[in-house]
Amino acid sequence: MSDIMYILRSDNVAARRIGDELMIMSARDSSLYSLNETAAILWQAADGVTLLADIVARDICPHFDIDPDTALRDARELAEDLAACGILQCSPNPFGGTPQGPTP
Amino acid sequence: MNAPLAAAVAGDIDIVIGGVCIRLRTGSVPFIAGVADRFRGFLQPVVAPDHVLEVTLSEPTIAVGDAVDDEVQVTREGPFWQIRRGDFLAQWDPRTRHGHVRMVPSPYSLDSVIRILHTLILAEQGGMLMHASSVAWGGRAFVFTGVSGAGKTTISRLCPADAHILTDEMSFIRPRDGAYVAHGTPFSGELGRPGENLSAPLAGVFLLAQGPHNRIDPLSPTEAVRALMANILFFAHDDALTARVFDNAIALAAAVPVRRLTFVPDARVWDLIGTDA
């Protein structure tokens, strides 16, 4: 995967907030996933057209004491893990939208 | 055909589980006799059934013993549900509450069709069938679920003499007036006999584990939902139905205590259930 990554919520899942956790159920195999706070932020921001780097800068760095490079690296690993579970899609290109390109 | 307006005719048999009446319509007297025996205690002629299922009997194309091991396929075809296994093929229209099934003349095959149909009916009503035993005691119902071998039948066997076993295999749970009610079912497991056709307000769901001491431990909200989802019976790989079942589990977990019950397999566990639940 290149440095440019877009993420999109899979459409065959149901997401519900239960207490402090976001719980995702895959309709494909009825698997259940509980997302921690960071994963929930990523999943909810995964609109397919916003760069992962922009999501990290906008939604993660301001809320956690973490440097941007580390946050982006962790977010990329997390996104790939969620994609492996089938509840998120990752792509070097935007999903069904106009490429935004990295923000300056 | 509008199911609730269907009049009973010769060859009809009404099966009422959890207050939901499914009228079977078949011309086979021997088959009706087998069904009456299989569902004894849950037969109640009604004027207006909730659902009507036309039954056509056919010779098995493969041995029933092999057929029942086949995986059930439940798919949505437009407005219809199609339910298929080696020993039956059913189509169900939830709008008219009417369907038909072509099946081998086995009450056990019919048992499977009825269970699957109830999973679809209950999901739309906020209820569920759950792999669980349930017992009514002192005006309250307790549901016991868990993996195979966790003790669902054992704990129902150990219940007090004045308790009623609603089922040792498949619990029937429906919402009513903002709470939940557990109903008896004819679906039996190791006990080998149907549950009592009674109902009671659901006071708790227990995820069973066996251990050296009797104890009840809380589950987090997500643990509770996981426990319920792992044991709610549903077959269709359908996005809308899956989401509905998920929502039903969340609603149940929010309304009824779902806890882990670790127990020693003797009757004293019911002292704990009676005092702590």
If you look at every heavy atom in B/D239 and A/A27, which pair is closest and at what distance?
->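 So the minimum-distance heavy-atom pair works out to OD1-CB, 3.1 Å.
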Can you check whether anything in residues 11-24 of chain A gets within less than 4.5 Å of chain B, heavy-atom wise, and list it by number?
->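 From residues 11-24 of chain A, the residues near chain B are A/D11, A/N12, A/A14, A/R16, A/I18, A/E21, A/M23.
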Candidate pair B/F234 and A/S30, rule side chain to side chain contact (heavy atoms under 4.5 Å, CB included), full reasoning | CA-CA 10 Å; B/F234 73 105; A/S30 304; 3.4 Å; yes
Might you confirm whether atom CD of A/E37 has over 12 heavy atoms from other residues, nucleotides or ligands at distances under 6.0 Å?
->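 Open: at most 12 neighbouring heavy atoms sit under 6.0 Å from CD of A/E37.
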Would one find more than 12 heavy atoms of other residues, nucleotides or ligands at under 6.0 Å from atom CZ of A/R58?
->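 Enclosed: over 12 neighbouring heavy atoms sit under 6.0 Å from CZ of A/R58.
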Contact origin within A/S34 toward chain B - heavy atom pairs under 4.5 Å =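 For A/S34, backbone and side chain are both near chain B.
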